[in-house]
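Contents: one structure, followed by commentary.
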Amino acid sequence: MAEDKREFPADFLWGGAVAAHQIEGAYQEGGKGLAITDLFTLGDKDHPRKITETIEASEYYPEHVASDFYHRYPEDIKLLAEMGFKCFRTSISWPRIFPQGDELEPNEAGLKFYDDVFDECLKYGIEPIVTLSHFELPLHLVQEYGGWRDRRLIEFFARFAEVCFKRYHNKVKYWMTFNEINNQTNFEVSGHLYTNSGIVPEAGEDREKLMYQAAHYELVASAQAVQIGHQIDPEMQVGAMIAMCPIYPLTAKPEDILFAQRAMQTRYWFADVHANGFYPRWMKHFFAKKGFDLDITAADLKQLQAGTVDYIGFSYYMSFATKYQGQADFNENRDLVDNPYVKTTEWGWQIDPVGLRYALNWFTDRYHLPLFIVENGMGAYDQLTEDHQVHDDYRIKYMQDHIIQMKRAVLDDGVKLLGYTPWGCIDLVAHGTGEMSKRYGFIYVDSDDHGHGTFDRYRKDSFFWYKNVIASNGAEL
Ligand code: BG6
């Protein structure tokens, strides 16, 4: 048992997070179009997911069924209410609202579904927190426009944002534009460029340049969305969503420190643009050095300035470490090294609770904005006992350790933290591998990696533990 009995501020938003494509299923219901994630096959920790061009009968696509939240959301939200959730983060599947992505009129059945989900939350006093784009790009936008390589996607995204803001602004205050926009810095790893931006590089194309161009369009689209949101409702809070894995120098050798600084600049310039409204000096220099003649117009730069975010939402699962070995620039795929001071999960993710406090302070010093931890957690294989229990003490330990550091950041360091929504509060499809068996939840979903099972829900030990954390406002961990 942790000993720090202090409570969090009274308005602290305790909750949990999911994403539409990983939990809803019903991939062809309610007029929904295909999302790019509907073409991701099942993988595992040793075999990456494939992305097929069409749906192939010989493959299994976990997102098609996922956790069946589309049909079971009243039961799920009731369980969240039982835990005492103050908020619930999910995303709006873009192709449920605009099945192709480029239509002028939205799909009413899709809009109605999210009305129903949000109303169900509000019935229990649970505040919905919404991400507009959590990797659910309409497939048609890839096939017709090449994904975010095309400037026209800015207009399509702005329309999607406007429709959602107008429809739900009375139900949703906190929004985020693009989930983990910066994860595409790992552009060399198959899948990342596609997941974030729907881009299939052609032979010989410079993937790095493509990534920077797509990210620029996304940042402009995000800035437009912020402005649209504020015009519709000045109370609306529109945030960024950054994947935060602090990159430490492996040693105190000055060259390692300098290189780790460069690594942080390379991975977090997205947040600089979101929060400051302009490109950092180093990035402009980098583009010039690389000879990247990106399509960045004067009008774009004005948009970025006018649409800075209200807060920084971020995911935190792990930290990284790096070491200087003569490299000219940081390359995430090449330059990460193991940190001997931390353990890892079964999927090799470095477990580092102190890094969360570091991240909270780093963001605060750099942007002076409120923060929101919108993902955190530990994927693990859980065992369901015959009497339907799950003894997930490893998950409880992971979260205790992280919440303690979060508490210190808030109460000892003065960080302004809006809330905490641990990832996958209801078991869902893992994004990286497609496994259902890589579980994060407080609520067990009885389904295996191939969608076999009853889909019944069971409360894990962590369910009762987290309920008490919320009830005591973080005093009892
Ligand atoms: C984040 C994503 O990268 O990490 C989620 O925003 C994802 O969509 C989560 O599920 C955990 O990763 P994984 O691969 O274990 O699901």
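We use all heavy atoms of the structure for the numbers below, so side chains are in, but hydrogens, waters and symmetry mates are not. Indexing begins at 1, ligand by ligand and atom by atom, following the structure's order.
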Sorted by chain and number, sequence neighbours left out, salt bridge (charged side-chain N to carboxylate O under 4.0 Å, His left out) with Lys438 holds for none

Sequence neighbours excluded, the answer for salt bridge (charged side-chain N to carboxylate O under 4.0 Å, His left out) partners of Asp119 is Lys171

Residue set satisfying side chain to side chain contact (heavy atoms under 4.5 Å, CB included) with Thr454, at least two apart, ordered chain then number -> Asp446, Asp456

- Query: Hey, is the main chain of Tyr398 close enough, under 3.5 Å, to the side chain of His402 for a donor-acceptor pair?
  - Reply: yes

Has the side chain of Arg159 got a donor or acceptor atom that lies under 3.5 Å from a matching backbone atom of Pro106?
-> no

In terms of relative ring orientation, are Phe118 and Tyr114 parallel, tilted or perpendicular, with 30° and 60° separating the classes?
tilted

Within the heavy-atom cut-off of under 4.0 Å, ligand 1 is lined by Gln22, His134, Phe135, Asn179, Glu180, Tyr317, Trp349, Glu375, Trp423, Ala430, His431, Gly432, Lys438, Tyr440

